[in-house]
Amino acid sequence: MTDDTPRDFIRQIIHDDLESGKHDQIVTRFPPEPNGYLHVGHVMSICLNFGVTEETGGQTYLRFDDTNPGKEDVEYVQAIEEDVRWLGFDWGQRLTHASDYFERIYAAAEQLVERGLAYVDSLSAEEIREYRGTLTEPGKNSPYRERSVEENLDLLRRMRAGEFADGEQVLRAKIDMASPNINLRDPALYRVRHVAHQATGDQWCIYPMYDFAHTMSDAFEGITHSLCTLEFEDHRPLYNWFLDQLQPQHRPRQIEFSRLNLAYTLTSKRKLNALVAENIVSGWNDPRMPTIAGMRRRGYPASALRDFVTRAGVTKKDKLIEMGMLENSVRESLGDTAMRRMAVLRPLKVILSNYPEGQVEMMTAMNHPNDPDMGTRDVPFTRELWIEQDDFMEEAPRKFFRLKPGGEVRLRSAYIIQCDEVIKDEQGNVVELHCSYDPDTRSGTGSSDRKVKGTIHWVSAAQAVDAEVRLYDRLFTAVNPNKADDFRTVLNPDSLVTANAKLEPALAELAPGTPVQFERLGYFCVDTQDDAASARVFNRIVTLRDSWAKLERQALESENQAGTSPSRK
RNA sequence: UGGGGCGUAGCCAAGCGGUAAGGCAUCGGGUUUUGAUCCCGUGUACCGCAGGUUCGAAUCCUGCCGCCCCAGCCA
């Protein structure tokens, strides 16, 4: 950073706490529950928690909030670790679990019981719900609320000892059943659950609830700032109640910020899960998924994700950010670093009638037009080439700068060609173009400084490498699929389109995951999962900005408007 | 209808009583063997609305409106 002006309200608070001497060092934590994969929303939290300590020389814990066995799995803890590491953050020795503190959390619970601040309730779950009241009506006390300390302690110990079945007893904090804040109406602290835990096995049959476990874990680790999302704002009074009553050595402060929502994407874990379970996508790392694993496989650089959330900012306002913002970050981080290559997605055969049969010229092409240091590679040029179907139009509009009958175009890094003849099949489809090349216009030779308006990409047919290229688009057609009654009704049927492409030979050696730009098309990478020597598979990371496509779209729109809306201006 | 939050341009977002930064998008233009990149330029923002305090308010006060969250023995 160029100056020490905090970028957002949380960094401002942290800055002030450091300045005032309240803290010498900042300690934060990223506390995912290992019950699913991390997504874009989490990137924000990860970058914030690790970011503030990176900036101030503090420490951040990666803590698994594993207090609900049965829903959690080690598969997820490994994936989460990998995702955080991939994003570029290091927790050092600070990898912990809420379950590491089960004994101490339990001791805190006994303490509350001993001080008459918690009791064992024998009401059923349904009864507790009834007693809780509603948003507008106060709740009423449980008949078990006034049990003696001795009885409560005995009951709690017997809960731990396994004398009760699931749901039979629950430990509750004794706060205020009439509180306007429902979280304070005697919240549950411990429930009985005879389920093996992924880390502690069958050592426990009672498990602490989130609010209690989280507050205590934060205190035990000496977290100075416990950063979480807005929906926990109502829990802060409870968080502070625990701290007030138990007076741990460290007193963390909870601060809430708004979630990051991306337009046209889903971030509900349950729904993401359904996409996978119902095979709507190929898995948690399907390149269309908003998961970190999905975006990584798609080819988004970690730096782009970090840049994106930094630009989005940390505030308390609900956000629904446009996709264009993320794509901009992706393009920006790829633009200067990705090598340029040529590939034809929808091939159209071109035959250069005046080019010697059997001749192969090696054309020198720059790996990056703006950076000579990135070097060059040789691209074979022959009589038979593939060009993009979209780059030819029989009846082209005025501003179409590509190939048309009788027209000229430059083949990138090669010659200028002219279209002499259009070959069609019985149905009238264009199947082949007969063109002639101008030997005087070979790229870089300077023998001719003739200019043509358009330049198109191409691949020599004989040396072309075949590949499956997967073209991805947004998974949903609704801006906020989270809000749809059924997300299945707003799925984008074209979120994945496959093309049988022709690649220049240099692409055969590309390592999986390495991003390259297919000139004029976008950024692509070899898929890390499905690619094989026998069947190359590429993913489209993101398209290039395309002002021609924009022009076309605008033309279409104005045409539609003129044709279909006679009344409304 | 109880409680907790939030409202600055299409989307983000600075601003912290002295007269509305920036990014993305948009729209123009220039360079270009990627219609890319790059470079210039482009916004009458009634600062949710209405009052009030003040020489002066996006910033302070009051009232209203809109949106989000909360009634798991989930996190």
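None of these values were measured; they are calculated from a predicted model. In what follows, every heavy atom counts, from backbone to side chain, and hydrogens, waters and symmetry copies are set aside.
Closest contact between the side chain of A/T455 and the listed nucleotides B/C74, B/G4, B/G35 involves B/G35. The side chain of A/D234 sits closest to B/G3 out of B/C74, B/G3, B/A36. Residue A/F401 places its side chain closer to B/G35 than to any other of B/G2, B/A75, B/G35. The nucleotide whose nearest atom lies closest to any side-chain atom of A/P369 is, among B/C24, B/U34, B/A75, B/U34. Relative to the side chain of A/E332, the nucleotides B/C73, B/C24, B/G35 differ in distance, and B/C24 lies closest. Here B/U33 is the nucleotide among B/U33, B/A71, B/A36 with the atom lying nearest to any side-chain atom of A/K451.
Heavy-atom distances under 4.0 Å link RNA chain B to A/I182, A/A188, A/R191, A/R193 of residues 182-199 of chain A, given in residue order.
Sorted by first and then second residue, the side chain to side chain donor-acceptor pair (under 3.5 Å) pairs involving residues 317-326 of chain A (not counting sequence neighbours) are A/T315-A/K319.
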What is the per-nucleotide protein-contact pattern of nucleotides 10-15 of chain B, from the 5' end, where B denotes a base atom under 4.0 Å from a protein heavy atom, S denotes such proximity for sugar-phosphate atoms only, and - denotes neither? BSSSSS
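Taking atom CG of residue A/D307 and atom P of nucleotide B/G22, one finds them 18 Å apart after rounding to whole Å. Note: CD (A/E168) to P (B/C73) measures 17 Å, nearest angstrom. The interatomic distance linking A/I10 (CD1) with B/C16 (P) rounds to 20 Å, in whole Å. The interatomic distance linking A/R236 (CZ) with B/G3 (C1') rounds to 13 Å, in whole Å. In this structure, CZ of A/R331 is placed 15 Å from C1' of B/G23, rounded to the nearest angstrom. Look at CH2 on A/W458: it is 14 Å from C1' on B/U34, rounded to the nearest Å. Atom CD in A/Q254 sits about 12 Å away from atom C1' in B/G4, given to the nearest Å. Regarding A/Y76, its OH atom lies at a distance of 15 Å from the C1' atom of B/C74, rounded to whole Å.
Residues satisfying the salt bridge (charged side-chain N to carboxylate O under 4.0 Å, His left out) test with A/E332, not counting sequence neighbours, are A/R311. For A/R191, there are no salt bridge (charged side-chain N to carboxylate O under 4.0 Å, His left out) partners two or more places apart in sequence or in a different chain. Contacts of A/T215 classified as side chain to side chain contact (heavy atoms under 4.5 Å, CB included), with partners at least two apart in sequence or in another chain: A/Y239, A/F242, A/L243. Taking the ring-ring contact (aromatic ring centres under 6.0 Å, His included) definition, one finds that A/F220 meets it with A/Y101, sequence neighbours left out. Residues meeting the side chain to side chain contact (heavy atoms under 4.5 Å, CB included) test with A/M393, sequence neighbours left out: A/A396, A/P397, A/F400. With sequence neighbours excluded, no residue forms a salt bridge (charged side-chain N to carboxylate O under 4.0 Å, His left out) with A/E72. Scored by the side chain to side chain contact (heavy atoms under 4.5 Å, CB included) test, A/K453 finds A/F401 as partners (sequence neighbours excluded). Annotation: salt bridge (charged side-chain N to carboxylate O under 4.0 Å, His left out) contacts of A/R340 (sequence neighbours excluded): none.
The separation of B/A9 from B/A14, taken at their C1' atoms, amounts to 14 Å, rounded to a whole angstrom. One P atom belongs to B/A45, the other to B/A58, and the distance between them is 14 Å to the nearest Å. Taking atom C1' on both B/C40 and B/U32, the two are 15 Å apart, rounded to the nearest angstrom. Separating the P atom of B/G17 from that of B/C60 is a span of 8 Å, rounded to the nearest Å. Look at the C1' atom in both B/U1 and B/U62: the space between them is 22 Å, to the nearest Å. Separation of the P atoms belonging to B/G15 and B/C6 is 15 Å when rounded to the nearest angstrom. Using C1' as the reference atom, B/G5 and B/C39 are 44 Å apart when rounded to the nearest Å. A distance of about 16 Å separates the C1' atoms of B/G28 and B/G35, rounded to the whole Å.
Of the two residues near RNA chain B, A/L123 and A/T136, the one whose nearest nucleotide lies more 5' is A/T136. Nearest-nucleotide assignment on RNA chain B puts the 5′-proximal partner with A/L230, out of A/Y523 and A/L230.
As the counterpart of B/A58, no nucleotide is assigned, since no Watson-Crick or G-U wobble pattern has both distances under 3.5 Å. Nucleotide B/G7 has B/C65 as its partner under the Watson-Crick or G-U criteria, with both atom distances under 3.5 Å. In this entry B/A36 has no Watson-Crick or G-U wobble partner, no candidate having both defining distances under 3.5 Å.
For B/G72, the O4'-C1' to base torsion is within 90° of 0; the nucleotide is therefore syn.
If you check every strand for non-hydrogen atoms under 4.0 Å, A/G167 touches a base. Looking at heavy-atom distances under 4.0 Å, A/N68 makes contact with sugar-phosphate atoms alone, never a base. Contacts of A/F400 with the nucleic acid, taken as non-hydrogen atoms under 4.0 Å apart, include base atoms.
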Kindly indicate, with the supporting measurements, whether the criterion salt bridge (Lys or Arg N to Asp or Glu O under 4.0 Å) is fulfilled by A/E163 and A/R157. CA-CA 9 Å; A/E163 290 185 28; A/R157 287 176 179 163; over 6 Å; no
Go through the steps to decide whether A/S226 and A/R29 satisfy the test side chain to side chain donor-acceptor pair (under 3.5 Å), and finish with yes or no. CA-CA 7 Å; A/S226 181; A/R29 100 273 91 116; 3.0 Å; yes
Check against salt bridge (Lys or Arg N to Asp or Glu O under 4.0 Å), A/R132 and A/E137: CA-CA 9 Å; A/R132 185 155 33 230; A/E137 297 159 328; over 6 Å; no
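Under the stacking definition used here (centres under 5.5 Å, planes under 30°), the residue A/W548 qualifies as stacked on the base of B/G35.
For a distance-only test at 3.5 Å, the side chain of A/R520 fails to qualify as a donor-acceptor partner of the base of B/U34. Counting distance only, with no hydrogens placed and no angle test, the side-chain atoms of A/S413 and the base atoms of B/U33 include no donor-acceptor pair under 3.5 Å.
A/E33 has no carboxylate O lying under 4.0 Å from a charged side-chain N of A/K71, or vice versa, which leaves the two without a salt bridge. Taking a cutoff of 4.0 Å between a charged side-chain nitrogen and a carboxylate oxygen, A/R450 and A/D438 qualify as a salt bridge.
Judged by the 6.0 Å and 45° rule, A/R172 forms no cation-pi pair with A/Y119.
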Give me the distances for all protein-to-nucleotides 27-31 of chain B N/O pairs that come in under 3.5 Å?
unit_1 : atom_1 : unit_2 : atom_2 : d
B/C27  : OP1    : A/Q554 : NE2    : 2.3

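For B/A36, the OP1/OP2 oxygens have a side-chain nitrogen or oxygen of A/S547 closer than 4.0 Å. The side chain of A/R132 places no N or O atom within less than 4.0 Å of a non-bridging phosphate oxygen (OP1 or OP2) of B/G2.
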